[in-house]
Amino acid sequence: MTSTDKLPTRRENFSEWYNQIVQRAELADYAPVRGCMVVRPYGWALWENIQGALDRRFKATGHVNAAFPLLIPKSFLEKEKEHVEGFSPELAVVTIGGGETLEEPLIIRPTSETIIGHMYSKWIKSYRDLPVLINQWGNVVRWELRTRLFLRTLEFYWQEGHTAHATSEEAEAETRRMLDVYADFAINEAAVPVVSGLKSDKEKFAGAVRSYTIEAMMGDTRALQSGTSHFLGQNFAKAFDIQFLDWNNEMQYAWTTSWGLSTRFIGAVIMTHGDDQGLVLPPRLAPIQVVVIPIYKSDQEKSLVMESVERVRAELAGFRIKVDDRPEVTPGFKFNDWEMRGVPLRIEIGPKDVAKDSVALARRDIPGKAGKSFASQQNLAQQVAQILEDIHTSLHIRALAFRQANTYDPVDYPELVEAVTHGWAYAWWCESPECEAKVKDETKATTRCIPLDQPDRTGSCIVCGKPARRKVIFARAY
RNA sequence: CGGGGCGUGGCGCAGUCCGGCUAGCGCGCUUGCAUGGGGUGCAAGAGGCCCUGGGUUCAAAUCCCAGCGCCCCGACCA
(Lines give C-alpha, C1' and ligand atoms only; values in the text may rest on other atoms or scores of the structure.)
Protein backbone atom coordinates (compact mmCIF):
# COMPACT_ATOMS: atom_id res chain seq x y z
CA MET A 1 0.00 0.00 0.00
CA THR A 2 2.05 2.89 -1.28
CA SER A 3 -0.78 5.31 -1.53
CA THR A 4 0.15 8.89 -2.15
CA ASP A 5 -2.87 10.15 -0.28
CA LYS A 6 -2.08 12.27 2.72
CA LEU A 7 -2.20 10.70 6.14
CA PRO A 8 -5.04 11.81 8.34
CA THR A 9 -3.62 14.23 10.90
CA ARG A 10 -3.23 13.08 14.48
CA ARG A 11 -5.75 15.67 15.56
CA GLU A 12 -8.34 14.57 13.00
CA ASN A 13 -8.23 10.87 13.72
CA PHE A 14 -5.42 9.56 15.84
CA SER A 15 -6.27 5.92 15.54
CA GLU A 16 -6.61 6.03 11.77
CA TRP A 17 -3.32 7.93 11.64
CA TYR A 18 -1.74 5.11 13.60
CA ASN A 19 -3.23 2.32 11.49
CA GLN A 20 -2.09 3.92 8.27
CA ILE A 21 1.45 4.58 9.46
CA VAL A 22 1.88 0.97 10.49
CA GLN A 23 0.89 -0.19 7.05
CA ARG A 24 2.37 2.53 4.89
CA ALA A 25 5.72 2.46 6.65
CA GLU A 26 5.59 -1.32 6.08
CA LEU A 27 6.06 -2.17 9.72
CA ALA A 28 3.30 -4.76 9.81
CA ASP A 29 0.30 -6.08 7.92
CA TYR A 30 -2.87 -7.93 8.80
CA ALA A 31 -2.61 -11.71 8.74
CA PRO A 32 -5.39 -13.93 7.36
CA VAL A 33 -6.46 -14.82 10.91
CA ARG A 34 -8.39 -12.13 12.75
CA GLY A 35 -6.28 -10.26 15.22
CA CYS A 36 -2.97 -11.64 14.04
CA MET A 37 -0.24 -9.60 12.43
CA VAL A 38 2.65 -10.14 10.08
CA VAL A 39 5.67 -8.17 11.18
CA ARG A 40 7.27 -7.02 7.95
CA PRO A 41 11.05 -6.75 7.46
CA TYR A 42 11.21 -3.06 8.34
CA GLY A 43 9.18 -3.59 11.50
CA TRP A 44 11.19 -6.63 12.41
CA ALA A 45 14.46 -4.76 11.91
CA LEU A 46 13.18 -2.22 14.41
CA TRP A 47 12.29 -5.04 16.79
CA GLU A 48 15.75 -6.57 16.35
CA ASN A 49 17.30 -3.28 17.40
CA ILE A 50 15.01 -3.20 20.43
CA GLN A 51 16.01 -6.78 21.20
CA GLY A 52 19.68 -5.94 20.89
CA ALA A 53 19.47 -2.96 23.22
CA LEU A 54 17.54 -4.95 25.84
CA ASP A 55 19.54 -8.14 25.50
CA ARG A 56 22.80 -6.25 26.14
CA ARG A 57 21.29 -4.90 29.33
CA PHE A 58 20.01 -8.31 30.42
CA LYS A 59 23.43 -9.85 29.90
CA ALA A 60 25.09 -6.97 31.72
CA THR A 61 22.90 -7.69 34.76
CA GLY A 62 23.83 -11.35 34.78
CA HIS A 63 20.98 -12.98 32.89
CA VAL A 64 21.18 -15.80 30.36
CA ASN A 65 18.78 -16.75 27.59
CA ALA A 66 16.94 -20.03 27.18
CA ALA A 67 13.86 -21.33 25.37
CA PHE A 68 10.81 -22.98 26.90
CA PRO A 69 8.03 -24.70 24.95
CA LEU A 70 5.02 -23.09 23.33
CA LEU A 71 2.59 -25.74 24.56
CA ILE A 72 1.69 -26.05 28.23
CA PRO A 73 -0.48 -28.69 29.91
CA LYS A 74 -3.81 -27.14 30.78
CA SER A 75 -3.50 -28.33 34.36
CA PHE A 76 -0.41 -26.16 34.88
CA LEU A 77 -2.41 -22.98 34.40
CA GLU A 78 -4.86 -24.12 37.04
CA LYS A 79 -2.29 -24.46 39.80
CA GLU A 80 -2.18 -20.79 40.70
CA LYS A 81 -5.63 -19.47 41.52
CA GLU A 82 -5.32 -15.83 40.51
CA HIS A 83 -3.29 -16.76 37.46
CA VAL A 84 -5.96 -19.04 36.03
CA GLU A 85 -8.72 -16.56 36.82
CA GLY A 86 -6.81 -13.82 35.04
CA PHE A 87 -5.91 -15.75 31.95
CA SER A 88 -8.59 -18.37 31.33
CA PRO A 89 -10.85 -16.09 29.26
CA GLU A 90 -8.09 -15.48 26.75
CA LEU A 91 -6.52 -18.89 26.28
CA ALA A 92 -6.08 -20.73 23.01
CA VAL A 93 -6.45 -24.45 23.68
CA VAL A 94 -5.23 -27.34 21.57
CA THR A 95 -7.51 -30.36 21.90
CA ILE A 96 -6.45 -32.48 18.94
CA GLY A 97 -2.94 -33.66 18.08
CA GLY A 98 -2.04 -35.93 15.20
CA GLY A 99 -5.71 -36.50 14.53
CA GLU A 100 -6.41 -37.82 18.04
CA THR A 101 -8.30 -36.04 20.78
CA LEU A 102 -5.76 -35.30 23.49
CA GLU A 103 -6.18 -36.78 26.94
CA GLU A 104 -5.22 -33.46 28.44
CA PRO A 105 -5.77 -30.28 26.40
CA LEU A 106 -2.70 -28.14 25.80
CA ILE A 107 -2.58 -24.39 26.20
CA ILE A 108 -0.67 -22.20 23.81
CA ARG A 109 1.33 -20.18 26.34
CA PRO A 110 -0.14 -16.78 27.24
CA THR A 111 3.01 -16.32 29.38
CA SER A 112 5.40 -18.90 30.77
CA GLU A 113 5.38 -18.65 34.56
CA THR A 114 3.79 -22.06 34.90
CA ILE A 115 6.01 -24.12 32.65
CA ILE A 116 9.08 -22.33 33.93
CA GLY A 117 7.93 -22.82 37.51
CA HIS A 118 7.62 -26.53 36.80
CA MET A 119 11.16 -26.68 35.46
CA TYR A 120 12.59 -24.55 38.26
CA SER A 121 11.20 -27.01 40.80
CA LYS A 122 13.32 -29.70 39.13
CA TRP A 123 16.43 -27.55 38.90
CA ILE A 124 16.45 -25.82 42.25
CA LYS A 125 17.37 -28.00 45.23
CA SER A 126 19.77 -25.90 47.25
CA TYR A 127 20.40 -22.29 48.07
CA ARG A 128 23.58 -22.87 46.07
CA ASP A 129 21.43 -23.20 42.94
CA LEU A 130 20.12 -19.66 43.42
CA PRO A 131 19.61 -17.17 42.01
CA VAL A 132 18.37 -18.45 38.66
CA LEU A 133 18.34 -15.59 36.18
CA ILE A 134 16.83 -16.66 32.86
CA ASN A 135 15.30 -14.71 30.02
CA GLN A 136 13.45 -16.04 27.01
CA TRP A 137 12.71 -14.34 23.68
CA GLY A 138 9.55 -15.74 22.20
CA ASN A 139 5.94 -15.39 21.28
CA VAL A 140 2.73 -15.85 23.23
CA VAL A 141 -0.97 -16.01 22.41
CA ARG A 142 -3.80 -14.25 24.22
CA TRP A 143 -7.24 -14.43 22.68
CA GLU A 144 -8.09 -10.74 22.77
CA LEU A 145 -11.47 -9.66 21.42
CA ARG A 146 -10.44 -6.27 20.23
CA THR A 147 -7.10 -6.07 18.48
CA ARG A 148 -4.78 -3.48 16.96
CA LEU A 149 -1.48 -3.97 15.20
CA PHE A 150 1.36 -4.03 17.75
CA LEU A 151 -0.78 -2.71 20.60
CA ARG A 152 -2.95 -5.74 21.12
CA THR A 153 -2.76 -8.77 18.86
CA LEU A 154 -3.67 -12.40 19.47
CA GLU A 155 -0.07 -13.40 19.07
CA PHE A 156 2.80 -11.15 19.96
CA TYR A 157 6.54 -11.28 20.37
CA TRP A 158 8.30 -10.38 23.57
CA GLN A 159 10.88 -11.30 26.10
CA GLU A 160 9.98 -12.69 29.47
CA GLY A 161 12.53 -12.85 32.25
CA HIS A 162 11.99 -15.37 35.03
CA THR A 163 14.14 -15.40 38.08
CA ALA A 164 14.21 -17.30 41.36
CA HIS A 165 15.87 -16.14 44.57
CA ALA A 166 16.54 -17.30 48.08
CA THR A 167 15.06 -14.27 49.82
CA SER A 168 12.19 -11.89 49.42
CA GLU A 169 14.54 -8.91 49.55
CA GLU A 170 16.65 -10.24 46.73
CA ALA A 171 13.63 -10.97 44.54
CA GLU A 172 12.22 -7.52 45.20
CA ALA A 173 15.58 -5.98 44.31
CA GLU A 174 15.61 -7.95 41.05
CA THR A 175 12.08 -6.78 40.22
CA ARG A 176 13.12 -3.19 40.72
CA ARG A 177 16.44 -3.60 38.93
CA MET A 178 14.69 -4.85 35.79
CA LEU A 179 12.15 -2.06 35.97
CA ASP A 180 15.09 0.32 35.97
CA VAL A 181 16.55 -1.51 32.98
CA TYR A 182 13.31 -0.95 31.09
CA ALA A 183 13.19 2.71 32.01
CA ASP A 184 16.81 3.18 30.98
CA PHE A 185 16.14 1.44 27.68
CA ALA A 186 13.00 3.47 26.98
CA ILE A 187 14.65 6.79 27.69
CA ASN A 188 18.15 6.23 26.33
CA GLU A 189 17.44 4.05 23.32
CA ALA A 190 13.90 4.96 22.30
CA ALA A 191 13.78 8.53 23.64
CA VAL A 192 10.42 7.58 25.16
CA PRO A 193 9.94 9.23 28.56
CA VAL A 194 8.34 6.90 31.07
CA VAL A 195 7.00 7.03 34.59
CA SER A 196 8.12 4.11 36.75
CA GLY A 197 5.59 3.06 39.27
CA LEU A 198 3.56 0.44 41.06
CA LYS A 199 0.36 -1.05 39.65
CA SER A 200 -2.78 -1.07 41.80
CA ASP A 201 -4.06 -4.48 42.93
CA LYS A 202 -6.74 -4.24 40.27
CA GLU A 203 -4.20 -3.65 37.51
CA LYS A 204 -1.47 -6.01 38.63
CA PHE A 205 -0.43 -9.21 36.88
CA ALA A 206 -2.62 -12.23 37.67
CA GLY A 207 -0.66 -14.15 40.25
CA ALA A 208 1.79 -11.42 41.28
CA VAL A 209 2.19 -9.98 44.75
CA ARG A 210 2.85 -6.66 43.09
CA SER A 211 3.57 -5.36 39.62
CA TYR A 212 5.68 -2.45 38.52
CA THR A 213 5.31 -0.71 35.21
CA ILE A 214 6.78 1.92 32.97
CA GLU A 215 3.97 4.09 31.62
CA ALA A 216 4.36 6.34 28.61
CA MET A 217 2.09 9.08 27.28
CA MET A 218 1.11 8.68 23.64
CA GLY A 219 0.52 11.55 21.20
CA ASP A 220 -3.22 11.56 21.98
CA THR A 221 -2.39 11.75 25.74
CA ARG A 222 -3.55 8.23 26.43
CA ALA A 223 -1.26 6.04 28.53
CA LEU A 224 0.50 2.93 27.32
CA GLN A 225 1.94 0.33 29.65
CA SER A 226 5.27 -0.20 27.94
CA GLY A 227 6.96 -2.78 30.12
CA THR A 228 6.24 -4.56 33.39
CA SER A 229 8.16 -6.23 36.18
CA HIS A 230 6.47 -8.47 38.73
CA PHE A 231 7.36 -9.55 42.23
CA LEU A 232 5.69 -12.94 42.43
CA GLY A 233 6.48 -13.62 46.07
CA GLN A 234 6.19 -17.34 46.77
CA ASN A 235 2.91 -17.72 44.87
CA PHE A 236 4.32 -19.66 41.95
CA ALA A 237 6.94 -21.38 44.10
CA LYS A 238 4.12 -22.82 46.20
CA ALA A 239 2.00 -23.71 43.17
CA PHE A 240 4.91 -25.48 41.48
CA ASP A 241 6.81 -26.63 44.51
CA ILE A 242 10.00 -24.71 43.96
CA GLN A 243 11.75 -25.56 47.22
CA PHE A 244 15.36 -25.52 48.31
CA LEU A 245 17.37 -26.33 51.38
CA ASP A 246 18.69 -23.14 52.87
CA TRP A 247 21.97 -22.58 54.72
CA ASN A 248 20.32 -23.86 57.93
CA ASN A 249 19.33 -27.09 56.19
CA GLU A 250 15.70 -26.02 56.24
CA MET A 251 13.29 -26.35 53.33
CA GLN A 252 12.21 -22.99 51.91
CA TYR A 253 10.05 -21.87 49.04
CA ALA A 254 11.91 -19.76 46.51
CA TRP A 255 10.96 -16.17 45.70
CA THR A 256 10.37 -15.50 42.02
CA THR A 257 10.02 -12.60 39.63
CA SER A 258 9.02 -12.12 36.03
CA TRP A 259 9.32 -9.17 33.69
CA GLY A 260 8.39 -8.55 30.10
CA LEU A 261 8.49 -6.10 27.24
CA SER A 262 6.75 -6.81 23.95
CA THR A 263 6.33 -5.69 20.36
CA ARG A 264 3.75 -3.37 21.85
CA PHE A 265 6.71 -1.12 22.51
CA ILE A 266 6.85 -0.49 18.76
CA GLY A 267 3.40 1.03 19.16
CA ALA A 268 4.82 3.24 21.90
CA VAL A 269 7.59 4.47 19.61
CA ILE A 270 5.13 5.22 16.82
CA MET A 271 2.65 7.07 19.00
CA THR A 272 5.25 8.95 21.03
CA HIS A 273 7.33 10.40 18.22
CA GLY A 274 5.26 10.15 15.04
CA ASP A 275 4.01 13.34 13.40
CA ASP A 276 1.56 14.26 10.65
CA GLN A 277 4.15 13.33 8.01
CA GLY A 278 4.42 9.79 9.39
CA LEU A 279 6.74 7.76 11.50
CA VAL A 280 9.64 9.37 13.36
CA LEU A 281 12.17 6.84 14.59
CA PRO A 282 14.65 7.42 17.40
CA PRO A 283 18.16 7.24 15.85
CA ARG A 284 19.49 4.49 18.13
CA LEU A 285 16.73 2.08 17.14
CA ALA A 286 16.06 3.13 13.55
CA PRO A 287 16.72 0.31 11.04
CA ILE A 288 17.97 2.98 8.65
CA GLN A 289 19.62 5.96 10.32
CA VAL A 290 20.64 7.82 7.19
CA VAL A 291 19.10 7.68 3.73
CA VAL A 292 20.98 9.15 0.78
CA ILE A 293 19.03 10.46 -2.18
CA PRO A 294 20.97 11.15 -5.36
CA ILE A 295 19.58 13.83 -7.64
CA TYR A 296 20.47 14.18 -11.31
CA LYS A 297 19.05 14.78 -14.77
CA SER A 298 21.44 13.58 -17.46
CA ASP A 299 23.58 10.45 -17.47
CA GLN A 300 26.59 12.68 -17.18
CA GLU A 301 25.24 14.29 -14.03
CA LYS A 302 24.34 10.87 -12.74
CA SER A 303 27.87 9.53 -12.93
CA LEU A 304 29.24 12.61 -11.17
CA VAL A 305 26.59 12.46 -8.47
CA MET A 306 26.93 8.72 -7.94
CA GLU A 307 30.66 9.07 -7.52
CA SER A 308 30.00 11.52 -4.71
CA VAL A 309 27.28 9.30 -3.26
CA GLU A 310 29.62 6.32 -3.11
CA ARG A 311 32.24 8.38 -1.34
CA VAL A 312 29.67 9.50 1.22
CA ARG A 313 28.41 5.96 1.67
CA ALA A 314 31.94 4.78 2.43
CA GLU A 315 32.54 7.66 4.81
CA LEU A 316 29.32 6.84 6.67
CA ALA A 317 29.82 3.08 6.74
CA GLY A 318 29.67 3.17 10.54
CA PHE A 319 25.99 4.13 10.39
CA ARG A 320 22.98 2.15 9.23
CA ILE A 321 22.83 3.82 5.83
CA LYS A 322 20.75 3.29 2.71
CA VAL A 323 21.23 4.79 -0.73
CA ASP A 324 17.90 5.12 -2.51
CA ASP A 325 18.96 4.85 -6.14
CA ARG A 326 15.59 3.77 -7.49
CA PRO A 327 15.44 5.25 -10.99
CA GLU A 328 11.69 4.97 -11.34
CA VAL A 329 10.61 7.46 -8.70
CA THR A 330 11.43 11.13 -8.37
CA PRO A 331 13.46 12.65 -5.54
CA GLY A 332 10.34 14.37 -4.24
CA PHE A 333 8.60 11.03 -3.92
CA LYS A 334 11.56 9.61 -2.07
CA PHE A 335 11.57 12.50 0.39
CA ASN A 336 8.00 11.76 1.33
CA ASP A 337 8.51 8.04 1.29
CA TRP A 338 11.40 8.05 3.76
CA GLU A 339 9.68 10.60 5.92
CA MET A 340 6.73 8.24 6.13
CA ARG A 341 9.16 5.54 7.24
CA GLY A 342 10.70 7.75 9.87
CA VAL A 343 14.37 7.72 8.83
CA PRO A 344 16.05 10.22 11.17
CA LEU A 345 18.39 11.88 8.67
CA ARG A 346 18.20 12.37 4.91
CA ILE A 347 21.16 13.37 2.79
CA GLU A 348 20.54 14.81 -0.66
CA ILE A 349 23.36 14.92 -3.18
CA GLY A 350 22.84 16.65 -6.52
CA PRO A 351 24.97 18.39 -9.16
CA LYS A 352 25.09 21.60 -7.11
CA ASP A 353 26.46 19.68 -4.14
CA VAL A 354 29.06 17.94 -6.27
CA ALA A 355 30.24 21.34 -7.50
CA LYS A 356 30.49 22.71 -3.96
CA ASP A 357 31.68 19.50 -2.29
CA SER A 358 28.66 19.72 -0.02
CA VAL A 359 25.54 17.74 0.87
CA ALA A 360 22.05 18.79 1.87
CA LEU A 361 20.89 17.43 5.22
CA ALA A 362 17.27 17.11 6.34
CA ARG A 363 16.37 16.20 9.90
CA ARG A 364 13.24 14.11 10.28
CA ASP A 365 12.40 15.59 13.67
CA ILE A 366 12.14 19.09 12.18
CA PRO A 367 9.92 18.86 9.10
CA GLY A 368 10.27 21.12 6.06
CA LYS A 369 12.78 23.87 5.38
CA ALA A 370 13.57 24.48 9.04
CA GLY A 371 15.19 21.07 9.33
CA LYS A 372 17.30 21.45 6.20
CA SER A 373 20.91 22.54 6.17
CA PHE A 374 24.00 22.18 4.05
CA ALA A 375 27.21 20.60 5.16
CA SER A 376 30.64 20.07 3.76
CA GLN A 377 31.51 16.54 2.72
CA GLN A 378 34.60 16.89 4.91
CA ASN A 379 34.18 15.38 8.37
CA LEU A 380 30.72 14.22 7.40
CA ALA A 381 30.73 11.20 9.73
CA GLN A 382 31.39 13.39 12.73
CA GLN A 383 28.64 15.81 11.75
CA VAL A 384 26.16 13.00 11.18
CA ALA A 385 26.98 11.44 14.54
CA GLN A 386 26.33 14.78 16.19
CA ILE A 387 23.03 15.32 14.41
CA LEU A 388 21.77 11.85 15.31
CA GLU A 389 22.64 12.56 18.94
CA ASP A 390 20.81 15.88 18.73
CA ILE A 391 17.76 14.21 17.25
CA HIS A 392 17.67 11.64 20.04
CA THR A 393 17.88 14.37 22.66
CA SER A 394 15.35 16.62 21.03
CA LEU A 395 12.86 13.78 20.60
CA HIS A 396 13.15 12.97 24.26
CA ILE A 397 12.84 16.57 25.36
CA ARG A 398 9.86 17.13 23.13
CA ALA A 399 8.05 14.04 24.36
CA LEU A 400 8.78 14.92 27.96
CA ALA A 401 7.50 18.46 27.47
CA PHE A 402 4.36 17.08 25.87
CA ARG A 403 3.75 14.79 28.81
CA GLN A 404 4.30 17.57 31.29
CA ALA A 405 2.01 19.90 29.39
CA ASN A 406 -0.74 17.29 29.49
CA THR A 407 -0.37 16.13 33.05
CA TYR A 408 -2.62 17.85 35.55
CA ASP A 409 -2.83 18.16 39.32
CA PRO A 410 -6.58 18.22 39.94
CA VAL A 411 -7.56 19.42 43.38
CA ASP A 412 -11.06 17.98 43.45
CA TYR A 413 -13.13 15.29 41.79
CA PRO A 414 -14.70 17.48 39.07
CA GLU A 415 -11.22 18.63 38.06
CA LEU A 416 -10.09 15.02 37.90
CA VAL A 417 -13.02 14.11 35.66
CA GLU A 418 -12.16 17.00 33.40
CA ALA A 419 -8.42 16.31 33.34
CA VAL A 420 -8.67 12.72 32.22
CA THR A 421 -10.68 13.68 29.15
CA HIS A 422 -7.53 15.18 27.63
CA GLY A 423 -4.53 14.16 29.69
CA TRP A 424 -3.15 12.49 32.78
CA ALA A 425 -4.28 13.32 36.26
CA TYR A 426 -1.74 13.10 39.07
CA ALA A 427 -3.77 12.94 42.25
CA TRP A 428 -3.93 11.68 45.82
CA TRP A 429 -5.66 8.35 46.16
CA CYS A 430 -6.60 6.39 49.27
CA GLU A 431 -5.79 3.13 47.43
CA SER A 432 -9.24 1.65 47.93
CA PRO A 433 -10.64 -0.40 45.04
CA GLU A 434 -13.97 1.41 45.45
CA CYS A 435 -12.53 4.82 44.61
CA GLU A 436 -10.57 3.33 41.72
CA ALA A 437 -13.70 1.66 40.34
CA LYS A 438 -15.75 4.83 40.67
CA VAL A 439 -13.26 6.77 38.57
CA LYS A 440 -13.16 4.03 35.98
CA ASP A 441 -16.94 3.74 35.73
CA GLU A 442 -17.50 7.45 35.50
CA THR A 443 -14.56 8.52 33.33
CA LYS A 444 -13.10 5.39 31.66
CA ALA A 445 -9.78 6.38 33.20
CA THR A 446 -7.90 3.74 35.18
CA THR A 447 -5.05 4.00 37.63
CA ARG A 448 -1.91 3.69 35.54
CA CYS A 449 0.61 3.57 38.33
CA ILE A 450 1.62 4.90 41.70
CA PRO A 451 4.86 6.63 40.72
CA LEU A 452 7.95 5.61 42.65
CA ASP A 453 8.82 9.27 43.03
CA GLN A 454 6.39 10.70 45.56
CA PRO A 455 6.06 14.04 47.30
CA ASP A 456 7.33 13.90 50.89
CA ARG A 457 3.95 14.60 52.41
CA THR A 458 0.50 13.08 52.48
CA GLY A 459 -2.84 14.29 51.21
CA SER A 460 -6.47 13.34 50.94
CA CYS A 461 -8.08 11.10 48.35
CA ILE A 462 -9.36 12.96 45.31
CA VAL A 463 -12.43 10.74 45.27
CA CYS A 464 -13.49 10.16 48.89
CA GLY A 465 -11.41 12.68 50.81
CA LYS A 466 -9.97 10.14 53.23
CA PRO A 467 -6.26 10.31 54.08
CA ALA A 468 -4.02 9.29 51.19
CA ARG A 469 -0.39 8.24 51.47
CA ARG A 470 0.52 8.41 47.82
CA LYS A 471 -0.36 10.02 44.55
CA VAL A 472 -1.43 8.00 41.53
CA ILE A 473 -1.77 8.67 37.82
CA PHE A 474 -5.27 8.34 36.44
CA ALA A 475 -5.55 8.17 32.65
CA ARG A 476 -7.32 6.58 29.78
CA ALA A 477 -5.12 3.78 28.52
CA TYR A 478 -4.53 1.55 25.53
C1' C B 1 -21.52 -12.76 23.28
C1' G B 2 -25.34 -8.19 21.89
C1' G B 3 -26.10 -4.11 17.99
C1' G B 4 -24.68 -2.31 13.10
C1' G B 5 -22.00 -2.63 8.41
C1' C B 6 -19.48 -5.14 4.47
C1' G B 7 -17.71 -9.43 1.08
C1' U B 8 -16.85 -7.43 -6.93
C1' G B 9 -8.83 -7.60 -10.55
C1' G B 10 -3.23 -6.51 -5.63
C1' C B 11 -5.77 -2.24 -2.67
C1' G B 12 -10.05 1.16 -2.27
C1' C B 13 -14.79 1.32 -4.35
C1' A B 14 -19.32 1.85 -8.10
C1' G B 15 -22.93 -1.35 -10.11
C1' U B 16 -27.38 -4.79 -6.40
C1' C B 17 -33.06 -1.22 -4.71
C1' C B 18 -35.96 -2.17 -10.10
C1' G B 19 -32.37 -9.37 -13.04
C1' G B 20 -30.56 -8.53 -19.42
C1' C B 21 -25.67 -6.50 -23.79
C1' U B 22 -18.22 -7.04 -23.70
C1' A B 23 -18.82 -6.06 -15.17
C1' G B 24 -16.79 -0.39 -14.66
C1' C B 25 -13.74 3.58 -11.96
C1' G B 26 -9.41 5.38 -8.97
C1' C B 27 -4.78 3.78 -7.07
C1' G B 28 -1.08 0.15 -7.75
C1' C B 29 1.42 -3.18 -11.52
C1' U B 30 4.01 -3.89 -16.80
C1' U B 31 6.14 -1.40 -21.26
C1' G B 32 7.71 3.02 -23.94
C1' C B 33 8.81 8.24 -24.31
C1' A B 34 9.51 12.64 -21.86
C1' U B 35 10.61 14.30 -16.69
C1' G B 36 13.86 14.48 -12.17
C1' G B 37 16.48 19.89 -5.75
C1' G B 38 9.29 18.23 -2.15
C1' G B 39 4.26 12.95 -3.60
C1' U B 40 6.10 13.88 -12.37
C1' G B 41 3.30 13.72 -17.15
C1' C B 42 1.48 11.26 -21.51
C1' A B 43 0.45 6.81 -24.11
C1' A B 44 -0.22 1.65 -24.62
C1' G B 45 -1.05 -2.95 -21.83
C1' A B 46 -1.76 -7.09 -18.20
C1' G B 47 -4.94 -8.56 -14.53
C1' G B 48 -11.96 -11.07 -12.52
C1' C B 49 -14.50 -18.22 -9.18
C1' C B 50 -18.52 -10.68 -8.49
C1' C B 51 -17.22 -15.00 -0.54
C1' U B 52 -19.30 -20.36 -0.61
C1' G B 53 -23.43 -23.77 -1.35
C1' G B 54 -28.38 -24.36 -2.79
C1' G B 55 -32.89 -22.30 -5.03
C1' U B 56 -36.09 -19.05 -8.47
C1' U B 57 -35.66 -17.69 -13.81
C1' C B 58 -35.09 -18.09 -20.85
C1' A B 59 -31.31 -15.20 -18.12
C1' A B 60 -28.37 -13.90 -11.43
C1' A B 61 -22.78 -9.74 -9.14
C1' U B 62 -28.11 -8.24 -8.83
C1' C B 63 -33.91 -11.83 -6.20
C1' C B 64 -34.72 -15.94 -2.11
C1' C B 65 -32.63 -19.53 1.70
C1' A B 66 -28.47 -21.32 4.39
C1' G B 67 -23.43 -21.01 5.67
C1' C B 68 -18.50 -18.78 6.10
C1' G B 69 -15.43 -14.56 6.79
C1' C B 70 -14.03 -9.56 7.94
C1' C B 71 -14.73 -4.52 9.98
C1' C B 72 -16.96 -0.91 13.48
C1' C B 73 -19.58 0.10 18.28
C1' G B 74 -20.60 -2.10 23.07
C1' A B 75 -19.55 -5.79 26.86
C1' C B 76 -14.79 -8.23 28.15
C1' C B 77 -9.42 -7.65 28.80
C1' A B 78 -1.78 -7.23 32.24
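Computed from a predicted model, the values in this text were never measured in an experiment. Numbered from 1 within each chain, the chains take letters A, B, ... in sequence-line order.
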**Study point:** Quiz item: cation-pi between A/Lys79 and A/Phe76, 6.0 Å / 45°
**Key:**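 A/Lys79 over A/Phe76 ring: yes.
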
Send over the distance from [X] [atom1] to [N] [atom2], rounded to a whole Å.
X	N	atom1	atom2	answer
A/Gln225	B/C77	CD	C1'	12 Å
A/Tyr30	B/G12	OH	C1'	15 Å
A/Leu91	B/C77	CG	C1'	12 Å
A/Glu328	B/G41	CD	P	16 Å

Exercise for review: Tell me which of A/Leu145 and A/Arg448 sits closer to the 5' end of RNA chain B, going by the nucleotide each one is nearest to.
Suggested key: A/Leu145

**Study point:** RNA chain B: 5'-proximal contact among A/Gly35 and A/Val329 (nearest heavy atom)
**Key:**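 Result of the comparison: A/Val329.
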
Point to revise | Any residue meeting ring pair (Phe, Tyr, Trp, His ring centres under 6.0 Å) with A/Trp17, in chain and number order, not counting sequence neighbours | key: A/Phe14

Under-4.0 Å salt bridge between [X] and [Y]:
X	Y	answer
A/Arg311	A/Glu315	no
A/Arg364	A/Asp275	yes
A/Glu203	A/Arg448	yes

Classify [X] by what it touches in the nucleic acid, base, sugar-phosphate, or nothing, heavy-atom distance under 4.0 Å.
X	result
A/Ala360	base
A/Pro294	nothing
A/Arg264	nothing
A/Glu90	sugar-phosphate
A/Trp143	nothing
A/Lys352	base
A/Pro351	base
A/Lys369	nothing

Check your understanding: According to a strict under-4.0 Å criterion, is A/Thr330 in side-chain N/O contact with OP1 or OP2 of B/G36?
Key -> no

Point to revise | A/Arg146 side-chain N/O to B/G74 phosphate OP1/OP2 under 4.0 Å | key: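 It does, given that an N or O in the side chain of A/Arg146 lies less than 4.0 Å from OP1 or OP2 of B/G74.
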
Review point. Just by distance, with hydrogens left out, do A/Thr447 and A/Ser200 show a side-chain donor and acceptor under 3.5 Å apart?
Key: yes

Exercise for review: Give RNA chain B the dot-bracket treatment, 5' to 3': Watson-Crick (N1-N3 with N6-O4 or O6-N4) or G-U (N1-O2, O6-N3) under 3.5 Å, [ ] crossing, | other strand.
Suggested key: (((((((..((((......[...)))).((((((.....)))))).....(((((..]....))))))))))))....

Review point. Can a donor-acceptor pair under 3.5 Å be found between the side-chain atoms of A/Asp353 and the base atoms of B/G37?
Key: yes

Review point. side-chain contact (heavy atoms from CB on, under 4.5 Å) between A/Leu452 and A/Leu179: does it pass, once the steps are laid out?
Key: CA-CA 11 Å; A/Leu452 298 181; A/Leu179 184 74; 3.9 Å; yes

